[in-house]
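The structure appears below as C-alpha coordinates.
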Number of protein chains: 2
Amino acid sequence: MAKPTKTPPSDAQLEYWLGRNLRRATNAVVADFMEEFAQFDLRPAQFTVLVAVENNPGASGAELSEWMDVPRTNTVVVLRELEDRGLIERSATDQRTQAIALTRKGKELMPRLHAAHARHRRNFDAMMSREEKELLIALLSRIWRPDRAARPAAAQKAKRTRS
Amino acid sequence: MAKPTKTPPSDAQLEYWLGRNLRRATNAVVADFMEEFAQFDLRPAQFTVLVAVENNPGASGAELSEWMDVPRTNTVVVLRELEDRGLIERSATDQRTQAIALTRKGKELMPRLHAAHARHRRNFDAMMSREEKELLIALLSRIWRPDRAARPAAAQKAKRTRS
DNA sequence: TATTGTTATACTCTATAACTATA
DNA sequence: TATAGTTATAGAGTATAACAATA
(Lines give C-alpha, C1' and ligand atoms only; values in the text may rest on other atoms or scores of the structure.)
Protein backbone atom coordinates (compact mmCIF):
# COMPACT_ATOMS: atom_id res chain seq x y z
CA MET A 1 0.00 0.00 0.00
CA ALA A 2 2.33 2.73 -1.18
CA LYS A 3 0.81 5.94 -0.05
CA PRO A 4 1.02 8.92 -2.35
CA THR A 5 4.06 10.96 -1.52
CA LYS A 6 2.35 14.25 -1.07
CA THR A 7 1.64 14.97 2.55
CA PRO A 8 -1.99 15.15 3.56
CA PRO A 9 -3.26 18.59 4.50
CA SER A 10 -2.84 19.22 8.19
CA ASP A 11 -4.56 21.64 10.51
CA ALA A 12 -1.58 23.96 10.16
CA GLN A 13 -2.34 24.55 6.50
CA LEU A 14 -5.15 27.03 6.55
CA GLU A 15 -5.31 27.03 2.78
CA TYR A 16 -7.01 23.64 2.88
CA TRP A 17 -9.68 24.53 5.40
CA LEU A 18 -13.04 24.26 3.74
CA GLY A 19 -14.74 26.89 5.87
CA ARG A 20 -11.98 29.41 5.35
CA ASN A 21 -12.05 28.95 1.59
CA LEU A 22 -15.81 29.22 1.58
CA ARG A 23 -15.81 32.39 3.65
CA ARG A 24 -13.20 34.08 1.51
CA ALA A 25 -14.75 33.04 -1.75
CA THR A 26 -18.07 34.35 -0.49
CA ASN A 27 -16.55 37.68 0.39
CA ALA A 28 -14.81 37.91 -2.95
CA VAL A 29 -18.06 37.29 -4.78
CA VAL A 30 -19.92 39.77 -2.63
CA ALA A 31 -17.21 42.37 -3.21
CA ASP A 32 -17.49 41.86 -6.94
CA PHE A 33 -21.25 42.15 -6.72
CA MET A 34 -20.87 45.40 -4.84
CA GLU A 35 -18.63 46.80 -7.53
CA GLU A 36 -21.00 45.95 -10.33
CA PHE A 37 -24.01 47.23 -8.42
CA ALA A 38 -22.33 50.28 -6.92
CA GLN A 39 -24.01 52.56 -9.43
CA PHE A 40 -27.37 51.28 -8.20
CA ASP A 41 -26.43 51.23 -4.51
CA LEU A 42 -27.89 47.76 -4.12
CA ARG A 43 -26.79 44.90 -1.87
CA PRO A 44 -27.14 41.25 -2.88
CA ALA A 45 -30.04 40.75 -0.51
CA GLN A 46 -31.89 43.67 -2.06
CA PHE A 47 -31.38 42.41 -5.58
CA THR A 48 -32.57 38.99 -4.52
CA VAL A 49 -35.80 40.43 -3.18
CA LEU A 50 -36.31 42.44 -6.36
CA VAL A 51 -35.91 39.28 -8.41
CA ALA A 52 -38.33 37.50 -6.10
CA VAL A 53 -40.92 40.23 -6.56
CA GLU A 54 -40.35 40.30 -10.30
CA ASN A 55 -41.01 36.58 -10.51
CA ASN A 56 -43.91 36.60 -8.06
CA PRO A 57 -45.86 39.78 -8.68
CA GLY A 58 -48.60 40.27 -6.15
CA ALA A 59 -47.14 37.81 -3.70
CA SER A 60 -47.14 38.53 0.01
CA GLY A 61 -44.04 39.04 2.08
CA ALA A 62 -44.43 35.59 3.55
CA GLU A 63 -44.72 34.04 0.11
CA LEU A 64 -41.68 35.89 -1.12
CA SER A 65 -39.76 34.71 1.93
CA GLU A 66 -40.74 31.15 1.24
CA TRP A 67 -39.77 31.50 -2.42
CA MET A 68 -36.35 32.79 -1.40
CA ASP A 69 -36.12 30.30 1.48
CA VAL A 70 -35.35 33.06 3.91
CA PRO A 71 -36.83 33.95 7.33
CA ARG A 72 -39.72 36.42 7.01
CA THR A 73 -38.14 38.69 9.53
CA ASN A 74 -35.19 39.49 7.30
CA THR A 75 -37.37 40.11 4.28
CA VAL A 76 -39.30 42.83 6.07
CA VAL A 77 -36.35 45.14 6.34
CA VAL A 78 -35.34 44.79 2.71
CA LEU A 79 -38.91 45.31 1.55
CA ARG A 80 -39.11 48.56 3.44
CA GLU A 81 -35.80 49.71 1.95
CA LEU A 82 -37.00 48.95 -1.55
CA GLU A 83 -40.35 50.58 -0.90
CA ASP A 84 -38.69 53.70 0.46
CA ARG A 85 -36.73 53.90 -2.77
CA GLY A 86 -39.84 53.58 -4.85
CA LEU A 87 -38.86 50.28 -6.45
CA ILE A 88 -41.71 48.22 -5.03
CA GLU A 89 -45.19 48.99 -3.80
CA ARG A 90 -47.57 47.17 -1.50
CA SER A 91 -51.31 47.05 -1.77
CA ALA A 92 -53.59 45.45 0.76
CA THR A 93 -54.91 42.02 -0.11
CA ASP A 94 -56.84 41.96 3.13
CA GLN A 95 -56.30 43.70 6.42
CA ARG A 96 -53.12 41.82 7.19
CA THR A 97 -51.73 40.55 3.89
CA GLN A 98 -49.93 42.74 1.39
CA ALA A 99 -49.65 42.22 -2.34
CA ILE A 100 -46.16 43.30 -3.37
CA ALA A 101 -45.20 44.30 -6.88
CA LEU A 102 -42.60 46.30 -8.73
CA THR A 103 -43.41 49.93 -9.33
CA ARG A 104 -43.01 51.38 -12.78
CA LYS A 105 -39.67 52.71 -11.65
CA GLY A 106 -38.74 49.25 -10.43
CA LYS A 107 -39.80 47.61 -13.65
CA GLU A 108 -37.77 50.05 -15.65
CA LEU A 109 -34.73 49.41 -13.52
CA MET A 110 -34.74 45.63 -13.67
CA PRO A 111 -33.16 45.23 -17.13
CA ARG A 112 -30.18 47.26 -16.04
CA LEU A 113 -29.89 45.20 -12.87
CA HIS A 114 -29.99 41.96 -14.82
CA ALA A 115 -27.27 43.33 -17.06
CA ALA A 116 -25.14 44.16 -14.04
CA HIS A 117 -25.79 40.70 -12.68
CA ALA A 118 -24.70 39.20 -15.98
CA ARG A 119 -21.48 41.18 -15.83
CA HIS A 120 -21.00 40.02 -12.27
CA ARG A 121 -21.37 36.42 -13.36
CA ARG A 122 -19.04 36.86 -16.28
CA ASN A 123 -16.31 38.11 -13.98
CA PHE A 124 -16.03 34.57 -12.66
CA ASP A 125 -16.42 32.82 -15.96
CA ALA A 126 -12.79 33.63 -16.67
CA MET A 127 -11.70 31.72 -13.60
CA MET A 128 -13.15 28.35 -14.46
CA SER A 129 -14.81 26.44 -17.23
CA ARG A 130 -18.55 26.13 -17.44
CA GLU A 131 -18.29 22.52 -16.36
CA GLU A 132 -16.17 23.47 -13.38
CA LYS A 133 -18.63 26.12 -12.34
CA GLU A 134 -21.53 23.71 -12.59
CA LEU A 135 -19.66 21.18 -10.50
CA LEU A 136 -18.74 23.86 -7.99
CA ILE A 137 -22.34 24.84 -7.50
CA ALA A 138 -23.40 21.22 -7.28
CA LEU A 139 -20.84 20.57 -4.57
CA LEU A 140 -21.87 23.68 -2.67
CA SER A 141 -25.47 22.55 -2.85
CA ARG A 142 -24.54 19.27 -1.26
CA ILE A 143 -23.02 21.09 1.67
CA TRP A 144 -25.87 23.35 2.62
CA ARG A 145 -28.65 21.11 1.36
CA PRO A 146 -27.49 17.66 2.46
CA ASP A 147 -30.35 16.05 0.58
CA ARG A 148 -28.22 16.73 -2.45
CA ALA A 149 -25.34 14.65 -1.17
CA ALA A 150 -24.32 11.85 -3.49
CA ARG A 151 -23.79 9.31 -0.75
CA PRO A 152 -25.96 8.77 2.27
CA ALA A 153 -24.77 11.61 4.44
CA ALA A 154 -24.03 10.55 7.96
CA ALA A 155 -23.74 14.21 8.75
CA GLN A 156 -27.41 14.78 8.14
CA LYS A 157 -28.64 15.82 11.49
CA ALA A 158 -31.98 17.13 12.57
CA LYS A 159 -31.65 20.56 11.09
CA ARG A 160 -33.46 20.30 7.84
CA THR A 161 -36.51 22.28 8.85
CA ARG A 162 -36.07 25.92 8.18
CA SER A 163 -39.53 27.42 8.38
CA MET B 1 -23.50 23.29 -33.24
CA ALA B 2 -26.55 21.73 -31.66
CA LYS B 3 -26.95 23.32 -28.29
CA PRO B 4 -27.79 21.10 -25.36
CA THR B 5 -31.49 21.03 -24.76
CA LYS B 6 -31.42 21.97 -21.11
CA THR B 7 -32.22 25.61 -20.56
CA PRO B 8 -29.43 27.77 -19.21
CA PRO B 9 -29.82 28.98 -15.64
CA SER B 10 -31.59 32.31 -15.49
CA ASP B 11 -31.59 35.00 -12.86
CA ALA B 12 -34.90 33.68 -11.63
CA GLN B 13 -33.27 30.45 -10.47
CA LEU B 14 -31.63 31.38 -7.24
CA GLU B 15 -30.28 27.86 -6.84
CA TYR B 16 -27.68 28.59 -9.50
CA TRP B 17 -26.40 31.83 -8.05
CA LEU B 18 -22.80 31.38 -7.05
CA GLY B 19 -22.84 33.89 -4.23
CA ARG B 20 -25.95 32.43 -2.69
CA ASN B 21 -24.55 28.92 -2.75
CA LEU B 22 -21.29 30.15 -1.30
CA ARG B 23 -23.01 32.03 1.50
CA ARG B 24 -25.21 29.13 2.45
CA ALA B 25 -22.44 26.58 2.28
CA THR B 26 -20.32 28.84 4.46
CA ASN B 27 -23.07 29.11 7.02
CA ALA B 28 -23.62 25.37 7.00
CA VAL B 29 -19.94 24.72 7.61
CA VAL B 30 -19.79 27.33 10.36
CA ALA B 31 -22.88 25.82 11.98
CA ASP B 32 -21.27 22.39 11.94
CA PHE B 33 -18.09 23.84 13.40
CA MET B 34 -20.11 25.42 16.16
CA GLU B 35 -21.69 22.09 17.01
CA GLU B 36 -18.39 20.27 17.22
CA PHE B 37 -16.76 23.06 19.20
CA ALA B 38 -19.74 23.84 21.43
CA GLN B 39 -18.17 22.00 24.33
CA PHE B 40 -15.16 24.31 24.07
CA ASP B 41 -17.17 27.47 23.41
CA LEU B 42 -14.87 28.40 20.53
CA ARG B 43 -15.63 30.20 17.30
CA PRO B 44 -13.79 29.44 14.05
CA ALA B 45 -11.79 32.65 14.27
CA GLN B 46 -10.64 31.76 17.77
CA PHE B 47 -9.56 28.30 16.74
CA THR B 48 -7.68 29.76 13.80
CA VAL B 49 -5.71 32.07 16.06
CA LEU B 50 -4.92 29.21 18.41
CA VAL B 51 -3.57 27.20 15.49
CA ALA B 52 -1.57 30.21 14.36
CA VAL B 53 -0.02 30.59 17.80
CA GLU B 54 0.65 26.88 18.03
CA ASN B 55 2.53 26.98 14.74
CA ASN B 56 4.32 30.25 15.45
CA PRO B 57 5.20 30.25 19.13
CA GLY B 58 6.66 33.53 20.24
CA ALA B 59 5.38 35.41 17.21
CA SER B 60 3.96 38.89 17.55
CA GLY B 61 0.38 39.82 16.87
CA ALA B 62 1.39 41.41 13.60
CA GLU B 63 3.28 38.27 12.55
CA LEU B 64 0.34 36.07 13.43
CA SER B 65 -1.95 38.33 11.45
CA GLU B 66 0.31 38.07 8.44
CA TRP B 67 0.51 34.29 8.82
CA MET B 68 -3.27 34.11 8.86
CA ASP B 69 -3.57 36.77 6.17
CA VAL B 70 -5.95 38.78 8.28
CA PRO B 71 -6.00 42.45 9.28
CA ARG B 72 -4.15 43.06 12.55
CA THR B 73 -7.10 44.88 13.98
CA ASN B 74 -9.27 41.79 13.99
CA THR B 75 -6.60 39.65 15.56
CA VAL B 76 -6.33 41.93 18.57
CA VAL B 77 -9.82 41.16 19.77
CA VAL B 78 -9.44 37.41 19.48
CA LEU B 79 -6.07 37.48 21.20
CA ARG B 80 -7.58 39.25 24.18
CA GLU B 81 -10.41 36.75 24.34
CA LEU B 82 -7.97 33.86 24.32
CA GLU B 83 -5.73 35.54 26.87
CA ASP B 84 -8.68 36.22 29.17
CA ARG B 85 -9.45 32.53 29.02
CA GLY B 86 -5.92 31.59 29.90
CA LEU B 87 -5.18 29.81 26.63
CA ILE B 88 -2.42 32.15 25.45
CA GLU B 89 0.01 34.48 27.18
CA ARG B 90 1.99 37.46 26.00
CA SER B 91 5.47 38.44 27.09
CA ALA B 92 7.23 41.60 26.07
CA THR B 93 9.80 41.27 23.30
CA ASP B 94 10.50 44.97 23.55
CA GLN B 95 8.41 47.87 24.73
CA ARG B 96 5.95 47.57 21.91
CA THR B 97 6.14 44.03 20.53
CA GLN B 98 4.60 41.04 22.27
CA ALA B 99 5.72 37.45 22.06
CA ILE B 100 2.61 35.30 22.06
CA ALA B 101 2.55 31.64 23.04
CA LEU B 102 0.16 28.99 24.26
CA THR B 103 -0.12 28.61 27.99
CA ARG B 104 0.15 25.21 29.55
CA LYS B 105 -3.62 25.14 29.65
CA GLY B 106 -3.70 26.05 25.97
CA LYS B 107 -1.18 23.39 25.04
CA GLU B 108 -3.15 20.77 26.90
CA LEU B 109 -6.32 21.80 25.13
CA MET B 110 -5.02 21.74 21.57
CA PRO B 111 -5.19 17.95 21.03
CA ARG B 112 -8.86 17.94 21.90
CA LEU B 113 -9.44 20.88 19.57
CA HIS B 114 -7.67 19.13 16.71
CA ALA B 115 -9.82 16.09 17.35
CA ALA B 116 -12.95 18.21 17.19
CA HIS B 117 -11.68 19.78 13.99
CA ALA B 118 -11.08 16.34 12.54
CA ARG B 119 -14.65 15.35 13.38
CA HIS B 120 -15.84 18.58 11.81
CA ARG B 121 -13.97 17.74 8.63
CA ARG B 122 -15.25 14.21 8.56
CA ASN B 123 -18.82 15.46 8.67
CA PHE B 124 -18.34 16.68 5.11
CA ASP B 125 -16.35 13.72 3.88
CA ALA B 126 -19.61 11.85 3.56
CA MET B 127 -20.96 14.42 1.13
CA MET B 128 -18.28 14.14 -1.51
CA SER B 129 -15.28 12.12 -2.52
CA ARG B 130 -11.78 13.15 -1.61
CA GLU B 131 -11.16 14.16 -5.19
CA GLU B 132 -14.30 16.26 -5.25
CA LYS B 133 -13.34 18.00 -2.06
CA GLU B 134 -9.88 18.78 -3.38
CA LEU B 135 -11.37 20.18 -6.56
CA LEU B 136 -13.88 22.18 -4.56
CA ILE B 137 -11.16 23.82 -2.53
CA ALA B 138 -9.09 24.45 -5.64
CA LEU B 139 -12.02 26.18 -7.31
CA LEU B 140 -12.73 28.24 -4.20
CA SER B 141 -9.09 29.29 -4.12
CA ARG B 142 -9.35 30.54 -7.66
CA ILE B 143 -12.22 32.76 -6.68
CA TRP B 144 -10.73 34.56 -3.74
CA ARG B 145 -7.12 34.35 -4.85
CA PRO B 146 -7.38 35.06 -8.58
CA ASP B 147 -3.69 34.28 -9.05
CA ARG B 148 -4.85 30.70 -8.77
CA ALA B 149 -7.14 30.98 -11.76
CA ALA B 150 -6.35 28.52 -14.51
CA ARG B 151 -6.86 30.95 -17.33
CA PRO B 152 -5.71 34.52 -17.46
CA ALA B 153 -8.40 36.13 -15.39
CA ALA B 154 -9.76 39.26 -16.97
CA ALA B 155 -11.55 39.81 -13.70
CA GLN B 156 -8.30 40.40 -11.88
CA LYS B 157 -8.63 43.93 -10.77
CA ALA B 158 -6.43 46.00 -8.55
CA LYS B 159 -7.41 44.45 -5.28
CA ARG B 160 -4.69 41.98 -4.61
CA THR B 161 -2.92 43.97 -1.95
CA ARG B 162 -4.31 43.18 1.41
CA SER B 163 -1.78 44.52 3.87
C1' DT C 1 9.55 57.28 9.28
C1' DA C 2 7.64 52.92 9.86
C1' DT C 3 5.71 49.51 12.83
C1' DT C 4 2.94 47.57 16.93
C1' DG C 5 -0.96 47.50 19.28
C1' DT C 6 -5.34 49.41 20.08
C1' DT C 7 -10.27 51.39 19.90
C1' DA C 8 -14.17 52.44 17.53
C1' DT C 9 -17.01 51.97 13.80
C1' DA C 10 -19.32 50.17 9.88
C1' DC C 11 -20.53 46.69 6.71
C1' DT C 12 -22.15 41.96 4.70
C1' DC C 13 -25.83 38.09 5.86
C1' DT C 14 -28.27 34.94 9.11
C1' DA C 15 -31.27 33.73 12.93
C1' DT C 16 -34.44 33.81 17.01
C1' DA C 17 -37.69 35.67 20.44
C1' DA C 18 -41.52 38.33 21.19
C1' DC C 19 -45.18 41.14 19.97
C1' DT C 20 -49.58 43.04 17.44
C1' DA C 21 -53.16 42.47 14.43
C1' DT C 22 -55.98 39.72 11.59
C1' DA C 23 -57.84 35.43 9.07
C1' DT D 1 -55.59 28.74 16.52
C1' DA D 2 -52.72 29.90 12.95
C1' DT D 3 -50.85 33.32 10.00
C1' DA D 4 -48.82 38.12 8.40
C1' DG D 5 -46.11 41.62 9.53
C1' DT D 6 -43.07 43.85 12.62
C1' DT D 7 -39.29 45.19 16.03
C1' DA D 8 -35.36 44.29 18.46
C1' DT D 9 -31.44 41.77 19.28
C1' DA D 10 -27.77 38.66 18.68
C1' DG D 11 -24.48 36.23 16.15
C1' DA D 12 -20.81 34.82 12.39
C1' DG D 13 -16.79 37.37 9.83
C1' DT D 14 -14.64 41.35 7.37
C1' DA D 15 -12.73 45.91 6.75
C1' DT D 16 -11.30 50.82 7.47
C1' DA D 17 -9.88 55.04 9.84
C1' DA D 18 -7.52 57.00 13.46
C1' DC D 19 -4.57 57.19 17.31
C1' DA D 20 -0.61 56.50 20.88
C1' DA D 21 3.58 54.54 21.76
C1' DT D 22 7.82 52.73 20.30
C1' DA D 23 11.63 50.93 17.12
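Any value given below was found using the heavy atoms of this structure, including those in side chains, with hydrogens, waters and symmetry copies removed. First the proteins, then the strands, lettered A, B, ... as listed; each starts at 1.
At a threshold of 4.0 angstrom between heavy atoms, the contacts of R90(A) are confined to the sugar-phosphate backbone, with no base atom among them. Nucleic acid contact class of V30(A) (heavy atoms, under 4.0 Å, all strands): none. Contact annotation for N74(A): base contact, defined as any heavy-atom pair under 4.0 Å involving a base atom.
Contact annotation: R43(A) side-chain N/O to dT12(C) OP1/OP2 distance is under 4.0 Å. For the OP1/OP2 pair of dT7(D) and a distance below 4.0 Å, the side-chain nitrogens and oxygens of R80(A) include at least one atom meeting the criterion.
The base of dT16(C) sits within donor-acceptor range of the side chain of T73(A), with an N or O pair under 3.5 Å.
Among the nucleotides dA15(C), dT7(C), dG13(D), the one closest to the side chain of V76(B) is dT7(C). Here the side chain of Q98(B) is nearest to one of dA15(D), dT6(C), dA4(D), namely dT6(C). For R72(B), whose side chain is taken as the heavy atoms from C-beta onward, the closest listed nucleotide among dT6(C), dT14(D), dG5(D) is dT6(C). Comparing dG5(D), dT4(C), dA12(D) against the side chain of R23(A) picks out dA12(D) as the nearest.
Annotation: side chain of I100(B) is not in contact with side chain of E89(B) (no heavy-atom distance under 4.5 Å). No side-chain heavy atom of S60(B) sits less than 4.5 Å from a side-chain heavy atom of T93(B).
Of the two residues near DNA chain D, T97(A) and R96(B), the one whose nearest nucleotide lies more 5' is T97(A).
When L136(A), D32(A), N21(A) are each tested for a side chain to side chain contact (heavy atoms under 4.5 Å, CB included) with I143(B), only one passes: L136(A).
Between E66(B) and R72(B) there is no salt bridge, since no side-chain N of the basic residue sits under 4.0 Å from a carboxylate O of the acidic one.
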